[in-house]
Amino acid sequence: MKRIDLHIHTTASDGTATPEEVVREASRIGLAAIAITDHDTAAGYERAAAEAEKTGLEVVPGIEISTKYGGAVHILGYYIDVASPALQEVLDWIVHDRDERNEKMCELMRADGIDITYGEMRERFGEVIGRPHFAEILIERGLAKDMRDAFDRYVEKGRKYYQGRHFLSIERSIELIRAAGGTAVLAHPFQYRLDDAGLRDLIEHCMESGLEGMECRYSGYDAAMSGYLEQLAAEYGLLMTGGSDFHGENKKDIALGDGRGGLNVPHSFLEQLRARRGKS
Ligand code: AMP
Ligand code: ZN
Ligand code: FE
Ligand code: FE
């Protein structure tokens with residue numbers, strides 16, 4: 001069976017592998033297709049696509065947008081037009097909002113004697129900077145032992161360096177993905193800790209805004225969990241997608257294409273996604 005991975009972060013956001021490295025690794029392990037789904041940016045796609053020309057790997061342009069719906073809900077977008085001005089305008093706003101939040105986090109750290117400027121972080125980590133990058137600095141400076149420790153003690157909500165940022169609504173995110181020609185998919189449905197009724201409410205709310213798919217296979221979801229999601233997707237007429245949420249060294253236990261082991265996302269998921277797009 002041809003396998004794929006439709007949920008991948010690169011150095012364009014908070015992954016540690018470059019788009020080129022991701023493509024080479026995906027080819028090496030024999031994946032048939034991947035999607036680059038960085039947080040709030042599509043900047044990694046062109047680089048991945050250029051590298052993939054050497055290997056024949058299929059690369060789908062994607063994005064992952066964080067929204068607020070009670071708690072956090074993530075929406076994936078596939079086959080977005082990465083050059084869409086409407087998309088770029090909103091992504092620029094998100095990056096600007098991140099910058100403001102990040103400057104505040106930097107100041108709190110500096111006030112504690114940690115010698116780091118936001119300019120230095122921008123230089124080193126690029127445009128879309130998130131809390132995992134702050135965690136990386138804290139680990140480097142010997143203030144935390146690993147990512148989890150850094151989040152638990154410093155950058156998780158309520159901890160000393162945490163600062164909030166603003167989020168798009170679910171409606172706005174899905175509309176944006178659609179306006180950029182993309183297909184909107186609900187990411188990792190079990191991460192929101194909803195019961196069956198809560199998840200159905202969320203799905204129905206998203207579908208009112210134009211949701212077309214749901215991520216049914218994901219790192220750590222066992223056969224029973226994926227089976228339940230696939231049944232829900234079928235019931236609602238949603239496409240099924242799947243991916244690892246690979247972040248390189250920032251999520252060491254997640255392997256490209258394989259997740260926490262046995263991920264198995266079939267190429268048929270992508271074929272169905274393309275078939276649906278062909279009809280609309
Ligand atoms: P930000 O969007 O910059 O506030 O950072 C959120 C990102 O940090 C998420 O997308 C996750 O990748 C990561 N993250 C959030 N909570 C944790 C945690 N407890 N441990 C490790 N990574 C986390
Ligand atoms: Zn991330
Ligand atoms: Fe996510
Ligand atoms: Fe993700």
Side-chain angles (χ1 to χ4, degrees), residues 4-19 21-22 26 34-45 48 60-78 80 91 94-95 97-98 101-102 105 121 125-137 139 146-148 150-151 155-157 162 165 167-168 170 173-174 177 182 184-194 199 202 206 211 213-221 225 229 241-260 263 265:
I4 62 175
D5 187 337
L6 300 180
H7 192 152
I8 297 171
H9 297 267
T10 74
T11 48
S13 66
D14 59 354
T16 61
T18 63
E21 286 166 349
V22 164
I34 60 169
I36 304 293
T37 55
D38 278 303
H39 302 284
D40 308 331
T41 180
Y45 169 71
V60 176
I63 197 157
E64 181 173 29
I65 300 178
S66 309
T67 75
K68 205 134 223 178
Y69 180 78
V73 168
H74 292 179
I75 304 290
L76 294 158
Y78 293 110
I80 48 165
L91 298 183
I94 298 175
V95 168
D97 183 68
R98 277 186 176 276
R101 187 276 308 259
N102 293 344
M105 289 182 68
M121 289 187 71
F125 297 119
E127 194 179 74
V128 180
I129 296 183
R131 286 180 287 152
H133 297 114
F134 287 91
E136 206 173 318
I137 300 283
I139 295 163
D146 54 26
M147 205 32 83
R148 159 169 269 187
F151 266 87
V155 297
E156 192 58 270
K157 187 165 187 177
Y162 174 83
R165 58 184 183 91
F167 295 94
L168 295 187
I170 287 180
S173 305
I174 294 176
I177 288 165
V185 170
L186 177 64
H188 42 59
F190 282 119
Q191 304 318 103
Y192 315 128
R193 301 198 180 96
L194 298 167
L199 181 53
L202 173 62
C206 291
L211 187 84
M214 183 158 74
E215 193 170 51
C216 296
R217 301 196 184 182
Y218 185 75
S219 293
Y221 291 7
M225 293 164 86
L229 293 175
T241 71
S244 64
D245 213 353
F246 179 73
H247 278 71
E249 292 302 306
N250 279 344
K251 288 189 183 173
K252 285 191 184 18
D253 50 341
I254 293 177
L256 192 68
D258 201 38
R260 296 196 162 91
L263 179 64
V265 183

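In listed order, ligands and their atoms are each counted from 1.
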Participant: For Ala12, is there any backbone N or O sitting under 3.5 Å from a side-chain donor or acceptor partner on Thr41?
Facilitator: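 No: the side chain of Thr41 does not pair with the backbone of Ala12.
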
Participant: Are Asp38 and Tyr45 packed together at the side-chain level, in the sense that at least one heavy-atom pair is separated by less than 4.5 angstrom?
Facilitator: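 No, too far: nothing below the 4.5 Å cut-off.
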
Participant: Taking the six-membered ring for Trp, are Phe190 and Tyr221 ring centroids under 6.0 Å apart?
Facilitator: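 That pair passes the under 6.0 Å test.
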
Participant: Excluding waters, how many protein N/O/S atoms sit closer than 2.8 Å to the Fe ion (ligand 3)?
Facilitator: 3

Participant: For Ile129, does its backbone N or O pair with a side-chain atom of Asn102 as donor and acceptor, under 3.5 Å?
Facilitator: yes

Participant: Sub-3.5 Å donor-acceptor pair from the side chain of Ser219 to the main-chain atoms of Ser244, do we have one?
Facilitator: yes

Participant: Examine distances only and state if a side-chain atom of His74 and a backbone atom of Ala72 form a donor-acceptor pair shorter than 3.5 Å.
Facilitator: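 It does not hold such a pair.
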
Participant: Rounded to the nearest 0.5 Å, how far does CG of Leu168 lie from CG of Leu91?
Facilitator: 8.5 Å

Participant: For Phe125 and Ile137: C-alpha separation, side-chain torsions, deciding distance, then whether side-chain contact (heavy atoms from CB on, under 4.5 Å) applies.
Facilitator: CA-CA 11 Å; Phe125 297 119; Ile137 300 283; 4.0 Å; yes

Participant: Could you count the protein N, O or S atoms found under 2.8 Å away from the Zn ion (ligand 2)?
Facilitator: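 Total protein N/O/S atoms under 2.8 Å from the Zn ion (ligand 2): 4.
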
Participant: Before accepting this row, confirm whether a basic side-chain N of the pair Arg131/Glu156 lies closer than 4.0 Å to the acidic partner's carboxylate O.
Facilitator: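 A salt bridge is present here (some side-chain N lies under 4.0 Å from a carboxylate O).
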
